[in-house]
Amino acid sequence: MTEHDSSTPDPDRAPARPPVADRAAFEAEVASLRLREKAHTREGDAIAAARRRLPMVEVDATLELTGPDGPVTLLDAFEGRRQLIAYYFMWHDGHEAADQCEGCTWVTNQVRELAFLYSRDITYAVFCQGPYEESRRYRDFMGWEMPWYSALPSNDELLTGRQVGSMHIVCYLRDGDRVYETYWTTLRGVEVMDYDYALIDLTVYGRQELWEDSPSGWPQTMDAPPEHPMRTNGRPIPQWSRIEEGRSDDLTPGS
């Protein structure tokens, strides 16, 4: 095992650690970093202000989705509220639960309490890019409770100009019976849904992933391949607690 290879844990070898300082020196370093953190926060506020000033584009409000009771429209997914945030969940047709998208599973698993969104007149929903019944069984296996639709009937139109099949967050505004798209993001942009990484980033070892700029000897994710740091032992990480609870991950409709 090389110095940078942590794929095989060594119980007799502790990970590298930061240098030890006295309290005064520690606080001085934290204060210096805090200036950068505050600048980062202010820049985030400025970006959000610019986002609020983007133009919008009209979308066909009658585009079809599939919900628990059959076909519905994009307009229906607002549930009467003025705004809609839709997460476009990647889907691997015909694959078992263990083979579904670990990234989409990771961020969707963060979304629990929707009351604060509702207080701002916002509906949140998942628009899965796979068949309704099969993907709904995945939702139930994971124990998610947010509104869930299949975007398959209109996926190409809903994601026009973008990579269909990839993860996206798309924001919409309703004006009566007309619908407008106001913002979208993809790939690492969907990290806005996450709190796990946000907390992990505060720790000394960070995400423990290969791409990070960390000091020599810092640990890296043990049993996940570098291209799939959100998997362990062949499954998206959040699935394991559901398996241990005895939940069925059979996605076959009607099973």
Side-chain angles (χ1 to χ4, degrees), residues 37 39-61 63 65 74-75 77-79 81-92 100-114 116-118 120-130 135 139 142 144 146-152 154-175 179-202 206-207 209 211-212 227-230 236 238:
E37 290 178 336
H40 179 71
T41 299
R42 288 191 292 268
E43 179 61 13
D45 292 341
I47 291 170
R51 191 181 293 117
R52 292 191 292 272
R53 289 165 171 79
L54 288 172
M56 60 185 184
V57 60
E58 188 164 9
V59 180
D60 183 354
L63 287 173
L65 306 168
L74 175 61
L75 184 64
F78 280 76
E79 298 183 345
R81 298 184 182 89
R82 190 180 303 274
Q83 298 181 83
L84 169 68
I85 299 172
Y87 180 75
Y88 284 78
F89 196 110
M90 296 172 63
W91 192 256
H92 303 305
Q100 295 304 328
C101 178
E102 61 279 352
C104 290
T105 301
W106 154 58
V107 291
T108 303
N109 210 46
Q110 316 289 317
V111 181
R112 296 293 177 179
E113 178 57 67
L114 299 177
F116 200 75
L117 292 177
Y118 295 163
R120 297 300 193 266
D121 210 13
I122 301 167
T123 292
Y124 175 89
V126 170
F127 286 9
C128 187
Q129 300 177 74
S135 66
R139 168 186 179 266
M142 293 302 301
W144 298 328
M146 73 284 289
W148 190 278
Y149 302 93
S150 169
L152 270 183
S154 305
N155 212 28
D156 290 343
E157 294 91 340
L158 287 164
L159 292 178
T160 183
R162 285 156 286 196
Q163 183 179 353
V164 174
S166 185
M167 57 178 67
H168 295 86
I169 298 173
V170 182
C171 297
Y172 300 96
L173 176 69
R174 180 178 65 84
D175 183 5
V179 172
Y180 301 87
E181 184 178 325
T182 61
Y183 177 73
W184 69 276
T185 188
T186 187
L187 300 176
R188 287 196 65 185
V190 306
E191 286 187 18
V192 297
M193 296 167 60
D194 162 71
Y195 62 84
D196 283 338
Y197 270 173
L199 291 173
I200 290 170
D201 282 344
L202 301 180
R207 303 185 188 191
E209 295 175 9
W211 63 270
E212 286 183 289
E227 68 274 18
H228 295 302
M230 300 160 193

From CA spacing to verdict: side-chain contact (heavy atoms from CB on, under 4.5 Å), Met142, Thr108: CA-CA 10 Å; Met142 293 302 301; Thr108 303; over 6 Å; no

Do the side chain of [X] and the main chain of [Y] share a donor and acceptor less than 3.5 angstrom apart?
| X | Y | result |
| --- | --- | --- |
| Asp196 | Ile200 | no |
| Thr123 | Leu84 | no |
| Arg139 | Met146 | yes |

Going from [atom1] on [X] to [atom2] on [Y], what distance comes out if it is rounded to the nearest 0.5 angstrom?
| X | Y | atom1 | atom2 | value |
| --- | --- | --- | --- | --- |
| Asp194 | Trp106 | CG | CH2 | 5.0 Å |
| Met230 | Asn109 | CE | CG | 12.0 Å |
| Gln129 | Ser135 | CD | OG | 10.5 Å |
| Glu58 | Leu173 | CD | CG | 11.0 Å |
| Arg82 | Asp175 | CZ | CG | 8.0 Å |
| Phe78 | Asp121 | CZ | CG | 10.5 Å |

Test item: [X] and [Y] side chains (from C-beta on) under 4.5 Å apart, heavy atoms:
| X | Y | value |
| --- | --- | --- |
| Asp201 | Arg207 | yes |
| Pro147 | Glu79 | yes |
| Asp60 | Glu157 | no |

Heavy-atom closest pair, residues [X] and [Y]:
| X | Y | result |
| --- | --- | --- |
| Trp144 | Thr105 | CZ2-O, 3.8 Å |
| Leu63 | Ser154 | C-OG, 3.6 Å |
| Leu74 | Leu65 | CA-CD1, 4.1 Å |
| Val111 | Leu114 | CG1-CD2, 3.6 Å |
| Leu158 | Glu181 | O-OE1, 4.3 Å |
| Gln100 | Pro236 | O-CG, 3.6 Å |

Please determine whether the number of non-hydrogen atoms from other residues, nucleotides or ligands lying under 6.0 Å from atom CD of Glu37 exceeds 12.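 Count over threshold, so yes.
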
If you count the non-hydrogen atoms of other residues, nucleotides and ligands that lie under 6.0 Å from CZ in Arg162, is the total more than 12?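 Buried by this count: over 12 neighbours within 6.0 Å.
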
Under 3.5 Å, which donor-acceptor pairs do the side chains of residues 44-56 form with other protein atoms, sequence neighbours left out?
| residue | atom | partner | partner atom | Å |
| --- | --- | --- | --- | --- |
| Arg53 | NH1 | Ala49 | O | 3.0 |

Which word best sums up how the rings of Tyr88 and Phe127 line up, parallel for under 30°, tilted for 30 to 60°, or perpendicular for over 60°?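 Correct class here is perpendicular.
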
Should the ring pair Trp91 and Phe89 be called parallel, tilted or perpendicular, given that the plane angle runs from 0 to 90° and is split at 30 and 60?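 The arrangement is tilted - the two ring planes meet at 30° to 60°.
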
Can you list the steps and then say if Arg81 with Ile122 is a side-chain contact (heavy atoms from CB on, under 4.5 Å)? CA-CA 6 Å; Arg81 298 184 182 89; Ile122 301 167; 5.7 Å; no

Should the pair Arg188 and Trp211 be classed as cation-pi, given the thresholds of under 6.0 Å to the six-membered ring centre and 45° from the axis?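 Pair Arg188/Trp211 counts as cation-pi.
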
